Amino acid sequence: MYFNSLSVLFLMQLTPEAAIPILPTLLVQPERCIALRKGRNCYAQLTFSWDLPIAANYCLKSSNSESVLYCWQAAKSGHVEHEFSQQKTHEYQLINSDTGAILGQTQVHVQWVYKNRQKKRRWRLF
């Protein structure tokens, strides 16, 4: 028992909290958008938030269309709202605008309530 607690104390001294890298967080709310029928656009008001340990120039972009949605200058965190109107699952990325490095990514999943069913209609004369 004595040996186990001593080794844990020793390991805690070797790995200080400052040496552990903090991973960036990119969150989106809601993560899921629900359309009435498959193939129709899903509309939602998305809220993006992120937090990083180092202040720099960051941009939020859509990975499917490569368009930049919003940028922050010399910021450690950010918050922005965006109108969502898509038919399929869409991915967003947080990038460092100076280096182009992708720091975080998230997805908005599009789901539907009903599948489109095409009824076969056969014409009959009698």
Side-chain angles (χ1 to χ4, degrees):
M1 228 28 188
Y2 179 75
F3 179 73
N4 288 339
S5 62
L6 182 62
S7 62
V8 170
L9 179 64
F10 180 70
L11 288 175
M12 287 175 53
Q13 290 177 351
L14 288 179
T15 57
E17 290 181 18
I20 299 171
I22 299 172
L23 298 176
T25 57
L26 175 62
L27 302 173
V28 63
Q29 288 295 326
E31 293 179 343
R32 201 176 299 158
C33 186
I34 300 173
L36 188 59
R37 295 207 176 269
K38 183 178 180 178
R40 294 209 179 160
N41 277 1
C42 184
Y43 300 97
Q45 180 74 24
L46 301 179
T47 303
F48 292 95
S49 59
W50 58 271
D51 189 28
L52 290 167
I54 300 169
N57 300 329
Y58 300 107
C59 288
L60 178 68
K61 73 172 197 164
S62 169
S63 64
N64 296 2
S65 64
E66 297 296 326
S67 62
V68 174
L69 302 176
Y70 196 81
C71 288
W72 295 268
Q73 302 297 320
K76 286 186 174 183
S77 64
H79 178 83
V80 68
E81 291 187 1
H82 174 68
E83 290 286 332
F84 181 78
S85 173
Q86 296 291 328
Q87 293 179 0
K88 297 181 181 179
T89 298
H90 207 72
E91 188 173 289
Y92 295 92
Q93 297 174 338
L94 181 68
I95 61 168
N96 184 327
S97 61
D98 298 329
T99 63
I102 298 172
L103 303 173
Q105 57 188 14
T106 187
Q107 287 185 342
V108 177
H109 299 280
V110 175
Q111 297 176 336
W112 55 89
V113 178
Y114 302 109
K115 289 185 180 180
N116 287 335
R117 287 187 176 172
Q118 297 291 336
K119 293 183 179 179
K120 292 184 180 179
R121 299 182 190 261
R122 297 183 184 190
W123 292 90
R124 295 185 183 181
L125 295 175
F126 302 101

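Residue numbers count from 1 along this sequence. Just so we're clear, the structure is a prediction, and the values are computed from it rather than from any experiment.
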Nearest non-hydrogen partners of C42 and A35, listed with the distance
SG-N, 3.9 Å
Take N57 and Q73 through the side chain to side chain contact (heavy atoms under 4.5 Å, CB included) test and state the conclusion after the steps.
CA-CA 5 Å; N57 300 329; Q73 302 297 320; 3.0 Å; yes
Kindly compute the distance separating CG (L60) from OG (S67), expressed to the nearest 0.5 Å.
9.5 Å
Quick note, ring pair (Phe, Tyr, Trp, His ring centres under 6.0 Å) partners involving residues 48-73, not counting sequence neighbours, are F48-Y92, W50-Y58, W50-W72, Y70-W72
Decide yes or no for K76 and L52: does some side-chain heavy atom of the first lie under 4.5 Å from some side-chain heavy atom of the second?
no
To the nearest 0.5 Å, what is the distance between NE2 on H90 and SG on C33?
12.0 Å
Rounding to 0.5 Å, atoms CZ (R32) and OG1 (T89) come to a distance of 10.5 Å
Least distance between heavy atoms, A56 atom then N96 atom:
CB-ND2, 4.4 Å
Looking only at heavy atoms, which two atoms of H79 and S49 are closest? And how far apart?
ND1-CB, 4.1 Å
Would you kindly confirm whether I95 and L26 end up in one hydrophobic cluster when ILVMFWY residues are joined by side chain heavy atoms under 4.5 Å apart?
no
Hydrophobic cluster membership, with links at side-chain heavy-atom distances under 4.5 Å among I/L/V/M/F/W/Y: are V28 and V80 in one?
yes
Same hydrophobic cluster for V68 and F84, using side-chain heavy-atom links shorter than 4.5 Å among ILVMFWY?
no
According to side-chain contact (heavy atoms from CB on, under 4.5 Å), who are the partners of R40, at least two apart in sequence or on a separate chain?
R37
For residues 102-113, which side-chain donor-acceptor pairs fall under 3.5 Å, sequence neighbours excluded?
unit_1: Q105; atom_1: OE1; unit_2: Q93; atom_2: NE2; d: 3.3
unit_1: Q107; atom_1: NE2; unit_2: E91; atom_2: OE1; d: 3.3

Taking atom CG of L46 and atom CD of E83, what is their separation to the nearest 0.5 Å?
8.5 Å
Quick check on I54: does its CD1 atom have over 12 non-hydrogen neighbours (other residues, nucleotides or ligands) under 6.0 Å away?
no
